[in-house]
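Excluded from the calculations below are hydrogen atoms, water molecules and symmetry mates; all remaining heavy atoms, backbone and side chain alike, are included.
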Amino acid sequence: NVCQLKKAADKVVCIFPWNQRALQKEGLEAYFFGHPLLDILEKEKKEKAREKLSLQEAPTLGLLPGSREQEIRYILPTLLQTASLLKNRLPTLQCVLAPPKGSLKFLADCLPKSWKISNNSLLNNGHKVYLRAGQSWGVINASDALIVASGTATLEAAILGTPLIVVYKGSPLTHLEYHLRGLRFPYISLPNIILGRKEFPELIQEQAIPPLLARLAFQLLTDEKLRSKQHRLFEEIKGILGEKGTFKKTAILLKGMVKQN
């Protein structure tokens, strides 16, 4: 809380501009130099990103199921069913799943019965989903569109400029938590929170069903105007997030504090 932060910190470097404004109102010496992801992430051309991931040069949908086991358990089956529905409509589409590194054993336990893991792919009755564990940034760069679990990956997608649909499913307790949060916070994804309005689709709990996800993903993959609109929104988001150089500016601030002491 703010009182504890006042006691513990002489200066605070914030990752969002509204954090800085809120802390300054409380009397803290707060700075905002830009979001650190602007320094960390590197955008690549899709062709190069696909080559690095050993993917074909074809329309590509990235599937990011989240980083926590509970997220993966509930979201993975929905993403795989969605991929199958989309492949029926877009036979040339390649789908790529990017779970966390080291999650393959747990992933195998979460697979629907008809799916199996083989040669860095998930297979089901002729449908294939490429598996690229621990390579979410590469998959974001390689994809034409994404279905992303709510979390930091939604902001990574916005910064790297890949159109997205946000999804979240969890236990009944998680459902209750999101309902209660929704009374205060109308959005769950960082791109919508940053903009202060709902521009990117968010499908939560019982809304996150494969037919609806497949319909929205189909529209995003085939409608250039829809993707262009998201690209314009990404530029607006990056404008709010500030400029590159936050690590260097933070280091200069720290160096000054050390000299003073």
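Taking each heavy atom of C14 and L23 in turn, the nearest pair found is SG-CD1, 3.7 Å. Closest heavy-atom contact between A98 and V139: CB-CG2, 3.8 Å. For the residue pair S103 and P99, the shortest heavy atom distance occurs at OG-CB, 3.4 Å. Considering every non-hydrogen atom in both L86 and A214, the closest pair reads CD2-O, 3.3 Å. The shortest non-hydrogen separation linking P191 to A158 is CG-CB, 4.3 Å. Contact detail for T162 and S143: the closest heavy-atom pair is CG2-O, 3.4 Å.
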Name the atoms and distances for all side-chain donor-acceptor pairs under 3.5 Å in residues 225-244, with sequence neighbours left out.
unit_1, atom_1, unit_2, atom_2, d
R227, NH1, L220, O, 3.0
R227, NH1, L221, O, 2.8
R227, NH2, E224, OE1, 2.5
S228, OG, E224, O, 3.0
S228, OG, E224, OE2, 3.3
Q230, OE1, L164, N, 2.8
Q230, NE2, L164, O, 3.2
H231, ND1, R227, O, 3.1
H231, NE2, G161, O, 3.0
E235, OE2, K238, NZ, 3.2
E236, OE1, R197, NH2, 2.9
E236, OE2, R197, NH1, 3.2
E236, OE2, R197, NH2, 3.3

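Between the CZ atom in R50 and the CD atom in Q94 there is a gap of 6.5 Å [rounded to 0.5 Å]. The line from CD of Q81 to CG of L76 is 10.0 Å long, rounded to the nearest 0.5 Å. Interatomic distance, OH of Y187 versus CD of E199, reported as 9.0 Å (0.5 Å rounding). In this structure, K169 NZ and L79 CG are separated by 9.5 Å, a value rounded to the nearest 0.5 Å. Taking CG of D109 as the start and CD of E69 as the end, the distance is 9.0 Å to the nearest 0.5 Å. Atom CD1 of residue I188 and atom NZ of residue K198 lie 8.5 Å apart, to the nearest 0.5 angstrom.
Between L64 and V148 the shortest side-chain heavy-atom distance falls below 4.5 Å. Side chains of S84 and N124 form a contact here, defined as non-hydrogen atoms less than 4.5 Å apart. Side-chain contact between T152 and L37 is present, with at least one heavy-atom pair separated by less than 4.5 Å. Side-chain contact check for D144 versus L61: every heavy-atom pair is 4.5 Å or farther apart. Looking at heavy atoms from C-beta onward, V129 lies out of side-chain contact with V96 at the 4.5 angstrom threshold.
Looking only at atom types and distance, the side chain of E202 has a donor-acceptor partner in the side chain of N192 under 3.5 Å away.
In this structure, T60 contributes its side chain and A58 its backbone to a donor-acceptor pair below 3.5 Å. A donor-acceptor pair under 3.5 Å is formed between the side chain of Q24 and the backbone N or O of A30.
Evaluation of the ring-ring contact (aromatic ring centres under 6.0 Å, His included) test over residues 116-150, restricted to residues two or more places apart or in two chains, returns none. For residues 70-83, the pairs satisfying salt bridge (Lys or Arg N to Asp or Glu O under 4.0 Å) are R68-E71, with sequence neighbours left out. For residues 82-103, the set of pairs meeting the salt bridge (Lys or Arg N to Asp or Glu O under 4.0 Å) definition, not counting sequence neighbours, is empty. Counting only residues at least two apart or in different chains, ring-ring contact (aromatic ring centres under 6.0 Å, His included) contacts with residues 18-56 comprise F16-W18, F16-H35, Y31-F33. Counting only residues at least two apart or on different chains, no salt bridge (Lys or Arg N to Asp or Glu O under 4.0 Å) pair has a member in residues 119-143. Residue pairs meeting the salt bridge (Lys or Arg N to Asp or Glu O under 4.0 Å) criterion with at least one member in residues 7-27, sequence neighbours excluded: K11-E29.
V12 and I15 are not part of a single hydrophobic cluster, where members link through side-chain heavy atoms under 4.5 Å apart. Placement of L155 and L41 within a single hydrophobic cluster is found when ILVMFWY residues are connected by side-chain heavy-atom separations under 4.5 Å, directly or transitively. Cluster membership check: L85 does not share its hydrophobic cluster with L122, using side-chain heavy-atom separations under 4.5 Å among Ile, Leu, Val, Met, Phe, Trp and Tyr. Hydrophobic cluster membership is shared by I40 and L38, with clusters built from Ile, Leu, Val, Met, Phe, Trp and Tyr side chains linked at under 4.5 angstrom. Under the 4.5 Å side-chain heavy-atom criterion for grouping Ile, Leu, Val, Met, Phe, Trp and Tyr, L253 is not connected to L5 through any hydrophobic cluster.
Applying the 6.0 Å contact sphere to NZ of K6 captures more than 12 heavy atoms from other residues, nucleotides or ligands. Under a cut-off of 6.0 angstrom, the local environment of NZ in K43 is crowded, with over 12 non-hydrogen atoms contributed by other residues, nucleotides or ligands. Counting non-hydrogen atoms of neighbouring residues, nucleotides and ligands closer than 6.0 angstrom, the CG atom of N119 reaches no more than 12 such neighbours.
Residues that satisfy the side-chain contact (heavy atoms from CB on, under 4.5 Å) test with A149, not counting sequence neighbours, are I75. Residues meeting the side-chain contact (heavy atoms from CB on, under 4.5 Å) test with L104, sequence neighbours left out: L107, L131, A133. Evaluation of the side-chain contact (heavy atoms from CB on, under 4.5 Å) rule for E51 yields no partner, not counting sequence neighbours. Residues that satisfy the salt bridge (Lys or Arg N to Asp or Glu O under 4.0 Å) test with E42, not counting sequence neighbours, are absent from this structure. Shown here are the side-chain contact (heavy atoms from CB on, under 4.5 Å) partners of L212, two or more places apart in sequence or in another chain: L203, I209, R215, L216.
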Intermediate values then yes/no, side chain to side chain contact (heavy atoms under 4.5 Å, CB included), L90 and F218: CA-CA 8 Å; L90 296 169; F218 180 84; 3.7 Å; yes
Residues L146, I165; criterion side chain to side chain contact (heavy atoms under 4.5 Å, CB included); working and verdict: CA-CA 6 Å; L146 302 163; I165 298 163; over 6 Å; no
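A salt bridge between D39 and K249 is absent, with no side-chain N of the basic residue lying under 4.0 Å from a carboxylate O of the acidic one.
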